[in-house]
Amino acid sequence: MSAKLIKGTEIREKILEEITKEVAEIKEKHGVVPGLVTILVGENPASISYVTLKIKTAHRVGFTEIQDTQSEDISEPDLLALIDKYNNDDSINGILVQLPLPKHIDEKKVLNAIDPDKDVDGFHPVNVGRLMIGGNEVKFPPCTPAGIQEMIVRAGVETSGAEVVVVGRSNIVGKPIANMMLQKGPGANSTVTIVHTRTKDLAGHCKRADILIVAAGVPGLVKPEWIKPGSCVIDVGVNRIGMNEKTGKAILRGDVDFDAAKEIAGSITPVPGGVGPMTITMLMRNTLKSLKFKLGA
Ligand code: NAD
């Protein structure tokens, strides 16, 4: 039997429509729309393409978008002053600094300079703390984990009491999604295990998972025999395994052996087209939330 495919591309469309509708309602009632600034330093081609997609999506949902491109040799004090300017700009609800930054700039210092109430990426220590506390304290859940949780919920997968196993303990995916799934509340209430490179019995833990979330960055790490029949498998991994000579595009694979896994799992995300499209979508949602917090809406 083939698993139900959880398609990020389809869920993205629904959420972006919901956001667009809400932006129009807020505009009518309050006369404002969410404002997002994307700060890009230098000309890293991957960063340019991510930022371009973010701008396009922001325009699509009706936000005001400022693209602030700075030269590679901007000094750290000048970049910090720029962030301060947007921190104090009332029309801006979300500030996004595209990473990586040039080597002469301390990334941590820059990210920590963003007003936590405009930190729509959710990486500021204040927002990490808010996420840890959970409940109403949470303002901006980090975008990829928020997208993962949204996919699980929209796929109708029961999370309460479920055994969730997260492969990977990074600050941007593994740790936050594990923290979110164990919180008290809808789409959570799970029993969570995090496994990583030092875990003794990776396969044994994965085999117990009702919901298996894999964010290791190792193509095909999770073998089909590690998957509990009928479980939900979320493959966060995006690995370039070669180049399609005809299209010139990278061939992408996840961390799970998809073709075999889909015959065992109850539901599964594909790569590409699974978790990937959710990240920018949740960035838009966080920016809208930021304006709503400000308006008390
Ligand atoms: P990372 O390298 O920071 O962390 C990987 C984690 O996996 C580490 O904690 C490590 O301990 C664990 N790990 C690595 N190899 C392992 C192994 N053999 N056994 C057990 N654990 C192992 O990576 P990250 O930033 O969390 O990203 C993980 C993957 O998710 C990457 O492929 C990345 O491209 C992808 N990703 C996708 C999105 C998206 O789709 N929007 C967003 C972020 C990351």
Side-chain angles (χ1 to χ4, degrees), residues 5-12 15-16 44 46-47 49-54 56-57 96-100 107-108 111 120-123 128 131 140-152 154 164-181 192-209 212-223 225-227 233-242 249-258 261 268-286:
L5 274 191
I6 308 175
K7 293 183 186 164
T9 39
E10 281 177 10
I11 299 174
R12 169 184 61 193
I15 297 177
L16 291 180
N44 177 327
S47 294
S49 88
Y50 289 136
V51 162
T52 307
L53 199 54
K54 287 169 189 173
K56 205 174 134 197
T57 312
L96 188 134
V97 178
Q98 186 64 46
L99 301 179
E107 263 180 21
K108 212 169 175 186
L111 294 182
V120 286
D121 255 339
F123 292 150
V128 176
L131 191 78
F140 307 118
C143 300
T144 302
I148 294 169
Q149 190 178 36
E150 193 70 33
M151 295 179 97
I152 295 170
R154 289 192 187 230
V164 171
V165 174
V166 178
V167 183
R169 55 176 165 182
S170 72
N171 287 330
I172 63 163
V173 189
K175 279 195 262 184
I177 187 60
N179 183 36
M180 288 161 78
M181 297 307 293
V192 180
T193 306
I194 306 184
V195 297
H196 46 79
T197 39
R198 300 294 176 95
T199 298
K200 283 182 186 148
D201 181 13
L202 203 58
H205 286 289
C206 291
K207 280 179 190 168
R208 287 191 289 107
L212 180 62
I213 301 169
V214 193
V218 181
L221 172 69
V222 172
K223 311 289 175 256
E225 60 274 20
W226 298 9
I227 291 167
V233 177
I234 306 287
D235 189 353
V236 191
V238 179
N239 306 291
R240 286 161 198 263
I241 58 154
K249 285 188 177 168
I251 302 170
L252 303 179
R253 285 281 184 281
D255 290 350
V256 176
D257 178 351
F258 177 80
I268 189 166
T269 57
V271 177
V275 176
M278 296 299 290
T279 302
I280 292 180
T281 307
M282 300 322 277
L283 177 73
M284 299 303 137
R285 177 181 279 185
N286 276 350

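Atoms within a ligand are numbered from 1 in the order they appear, just like the ligands themselves. Hydrogens, waters and symmetry mates play no part in the numbers below; they use all other heavy atoms, side chains included.
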ask   = Hey, are the side chains of N239 and V271 touching, using non-hydrogen atoms and a 4.5 Å cut-off?
value = no
query = Who are the residue neighbours of ligand 1 when the rule is a heavy atom under 4.0 Å from any of its atoms?
reply = T144, G168, R169, S170, I172, V173, H196, T197, L202, A215, A216, G217, V218, L221, V236, G237, V238, N239, G276, T279
message = A side-chain contact here means heavy atoms from C-beta on lying under 4.5 Å apart; do P142 and L131 qualify?
response = yes
query = Any side-chain heavy-atom pair from I6 and I11 closer than 4.5 angstrom?
reply = yes
ask   = Say you draw a straight line from OG1 of T279 to NZ of K54; how long is it, rounded to the nearest 0.5 Å?
value = 9.0 Å
inquiry  = Looking at K223, I want to see if its NZ is surrounded by more than 12 non-hydrogen atoms of other residues, nucleotides or ligands under 6.0 Å.
reply    = yes
message = With heavy-atom distances below 4.5 Å as the criterion, would you say the side chains of D121 and L96 are in contact?
response = yes
